[in-house]
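Below, all heavy atoms of this structure are taken into account, side chains as well, without hydrogens, waters or symmetry copies. In this text the structure is predicted, and so the values were computed from the model without any measurement. Lettering of chains follows the sequences in order, A, B, ..., and the numbering in each one begins at 1.
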Protein chains: 2
Amino acid sequence: MKNITLKQIAETLGISITTVSKALKGYTDVNENTRKSVLELAERLQYTPNSFAVNLRTQESKTIGLVIPEVVHHFFSNVIRGIIEEAEKNGYLVIILQSSESVASEKKQIELLLQKRVDGIIISLSNESNNESYFSQIMERKIPLVQFDKISKLIPSSKVIINDQKAAYSAVSHLIAKGCKKIAHIRGPVNPQNAIDRFLGYKKALEDHNISFDPKLVYTCTDVTFEEGKSFAKQILASHPDIDGIFAITDLVAVGVLAYFNDHKIRVPEDIKLIGFSNWFMSQVVSPKLSTVDQPSFEMGKQSFHLLLEEINAKKDGLSFTPKTIELDTTIIEREST
Amino acid sequence: MKNITLKQIAETLGISITTVSKALKGYTDVNENTRKSVLELAERLQYTPNSFAVNLRTQESKTIGLVIPEVVHHFFSNVIRGIIEEAEKNGYLVIILQSSESVASEKKQIELLLQKRVDGIIISLSNESNNESYFSQIMERKIPLVQFDKISKLIPSSKVIINDQKAAYSAVSHLIAKGCKKIAHIRGPVNPQNAIDRFLGYKKALEDHNISFDPKLVYTCTDVTFEEGKSFAKQILASHPDIDGIFAITDLVAVGVLAYFNDHKIRVPEDIKLIGFSNWFMSQVVSPKLSTVDQPSFEMGKQSFHLLLEEINAKKDGLSFTPKTIELDTTIIEREST
DNA sequence: TTGTAGGCGTTATCAG
DNA sequence: CTGATAACGCCTACAA
């Protein structure tokens, strides 16, 4: 009573496998009566095509791969949700792999997906990776690829991003509008494009508002964690007590800063104003509530899948496909910390 | 220059496909020289077996399915991480699907996975589901199945759980030890086993400490959200101002309560003590920091995969497999809210 | 309208 | 030690 196959249906009905297949797939050259009996029996037996065979035959798996640095992350889990939902609507399933911010692991994950012969790959790069050689494999094999959020401009593929520079510029301008004169930036690691762009946005906002840029006021995270936020808060207080504004690369880091400040009776926003980035859920539940930059994570997931799907379909139709870049809007969310 | 097959290697080497296959798979009955040349060529051509064909042949996909109510959730995303990591170590990939707490969608996801012919399924039930008929399909097809966290005792499968009743009992006992005399419980929905068990633990703790149980002090969430926490906090204050302790089904709800209390100058823990459940990251960053019950989410993921793997292997070897239940320990984490 | 034949790429059996 | 052959289940020209 296990896996029903076309053969079984054909045999019990005393007809050929071909006819059964055709009937099931709605071909017109099947007698109305045979069709009916086939459909009926298939229904009764709960026939479902063996996807292994279908995969082999059609050379596609209706499965895509997703590689992200970290699953346990408000931003990424929202992206995941966006991708999964859209994928499902379009008949695709999603295999998720974590790079854990390691290039070696990223390479391995990509190879796994390639071996698995997924129909396409969506990726957000790890902090260390840039234009690693393993991407050439994807290109050579012409596997549809979409990068989002943490991208490398050197890798030719579709991309879904925000304008990090502009978003950071707005965030810092917001601090300035609120009266900040000496603003520190806790930035992300050196390599990732979005950390660079946010830093650039910070710098440009200062310059445009006639505040001289001081590299000493820039603190660089390596792991972008809550703890780093705390420890930089301490450093900032110790070495630059006259600072009146902080722009943190991520809400998590900002919340770390806030925790330190709360513990040490630094009043936010009275003494120091603070703005984060990404609008994690957590930013609404701390006190004071954190001002931040909203990043449309769910939408990013959706759009990423759509770009991928376009490319998959183009490939199937033998059409050429020119990578596209979608830039999503961000918004400043003013709460209590600024 | 696309997909290298055994055939191509065989042809360029002028030998049979069979021999190539054997050489590659390390069979002993292949001449040392032929083996070498095969291995060499395969390496040079970057041969990887076509997994579609392998799947069809071996009747397994080396892929498992995971169905959870919600991806964007600190607890579940940790479980996901645990599962993905263990799966990868054992050569399995993971397809993730969301039920969004809907029975209809859960049913659909399971059917998708069944069609995909995953080697096994790990699931945490949606709040509404109990012993839905679609589980019988899994049983009939003998697809290995593991339930975790939100389980149904009626479905015969391996399970990875915590002792919710005991954990809740400890949480409430903790409140009592801290001096609470009148304790409210914000419970989860009516159906899920873990909400029931936590409620039972709450009740038992009261009884064992000679505090009479008052059903009016039990508030029932439908969605288990931050907002519900807030709104129940308001209700509690309005109808039972003499309450001095609250046990919330989840940290998210507790944080909602806390937000309301903070806004209305109710001091925690001085006026009311509060304990959550699950030890979400967010519970450490609110102020006061939330006391809670630590639930080993990552470990749950790992164990779930291992149970599944055991069952998959038993099935492959034609052995019978008796479902196991693993119960993981929880710990009270005392912070500032109690 | 129906069926035959071949192939997708791999693996297992069995004969040479 | 090597290879021919069949089979996994489905799909699609092409014949009948």
Student: Specify the separation, in whole Å, of atom CD of Glu11(A) and atom C1' of dG3(C).
Tutor: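 Spelled out: CD on Glu11(A) to C1' on dG3(C) is 15 Å.
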Student: Counting primed atoms plus P, OP1 and OP2 as sugar-phosphate and everything else as base, spell out the protein contacts along nucleotides 6-13 of chain D at 4.0 Å heavy-atom distance: B, S or - for each nucleotide, 5' to 3'.
Tutor: -BBBBBBB
Student: Is it true that Glu60(A) and Lys316(A) have a side-chain N and a carboxylate O under 4.0 angstrom from each other?
Tutor: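 A salt bridge is present here (some side-chain N lies under 4.0 Å from a carboxylate O).
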Student: Can you list, in residue-number order, the parts of residues 108-120 of chain B that come under 4.0 Å of DNA chain D, counting heavy atoms only?
Tutor: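 Within this stretch, nothing sits under 4.0 Å of the strand.
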Student: Using a strict threshold of under 4.0 Å (side-chain N to carboxylate O), is an ion pair present between Lys159(B) and Glu327(B)?
Tutor: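 Salt bridge flag = no for Lys159(B) with Glu327(B).
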Student: Does Lys324(A) have any salt bridge (charged side-chain N to carboxylate O under 4.0 Å, His left out) partners at least two apart in sequence or in another chain, and if so, which?
Tutor: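 Once residues adjacent in sequence are excluded, the partners of Lys324(A) under the salt bridge (charged side-chain N to carboxylate O under 4.0 Å, His left out) criterion are Glu310(A).
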Student: Side-chain contact test, heavy atoms from C-beta onward, threshold under 4.5 Å: evaluate it for Phe135(A) versus Ile123(A) and give yes or no.
Tutor: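 Side-chain contact under 4.5 Å: yes.
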Student: Check Lys22(B) with Asp29(B), please: is the shortest side-chain N to carboxylate O separation under 4.0 Å?
Tutor: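 Judged by the 4.0 Å cut-off on N to carboxylate O distance, Asp29(B) and Lys22(B) do form a salt bridge.
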Student: Mind checking whether Pro69(B) and Gln98(B) have side chains closer than 4.5 Å, heavy atoms only?
Tutor: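 Answer no - side chains too far apart.
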Student: Regarding Arg81(A) and Glu85(A), does a basic nitrogen lie under 4.0 Å from an acidic carboxylate oxygen?
Tutor: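 The answer is yes: the pair qualifies as a salt bridge.
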Student: Which residues, if any, of residues 28-45 of chain B bring a heavy atom under 4.0 Å of DNA chain C?
Tutor: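 When residues 28-45 of chain B is checked for heavy atoms under 4.0 Å from DNA chain C, there are no hits whatsoever.
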Student: Evaluate the side-chain proximity of Ile15(B) to Val20(B): yes if any heavy-atom separation is below 4.5 Å, no if none is.
Tutor: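 Val20(B) reaches Ile15(B) side chain to side chain.
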Student: Is Glu311(A) salt-bridged to Lys142(A), cutoff N-O under 4.0 Å?
Tutor: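 No, Glu311(A) and Lys142(A) are not salt-bridged.
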Student: Counting runs of three or more consecutive pairs, Watson-Crick or G-U wobble, with each distance below 3.5 Å, where are the stems of DNA chain D?
Tutor: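 C:1-16 with D:1-16 - these are the stems of 3 or more pairs that involve DNA chain D.
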Student: If you define the side chain from C-beta out and look only at heavy atoms, does anything of Leu97(A) sit under 4.5 Å from Ile84(B)?
Tutor: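 A side-chain contact under 4.5 Å exists here.
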Student: Within the 4.5 Å heavy-atom criterion, are Gln147(B) and Leu125(B) side-chain neighbours or not?
Tutor: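 Gln147(B) vs Leu125(B): side chains touch.
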Student: Does a nitrogen or oxygen in the side chain of Ser16(A) sit under 4.0 Å from OP1 or OP2 of dT2(C)?
Tutor: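 It does not, given that no N or O in the side chain of Ser16(A) lies less than 4.0 Å from OP1 or OP2 of dT2(C).
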Student: Residues two or more places apart in sequence or in another chain: which of them pass side-chain hydrogen bond (donor to acceptor under 3.5 Å, both in side chains) with Asp149(B)?
Tutor: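 Testing Asp149(B) for side-chain hydrogen bond (donor to acceptor under 3.5 Å, both in side chains), a comparison that skips the adjacent residues, returns Gln295(B).
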Student: Regarding Glu40(A) and Arg44(A), does a basic nitrogen lie under 4.0 Å from an acidic carboxylate oxygen?
Tutor: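 No, this pair does not count.
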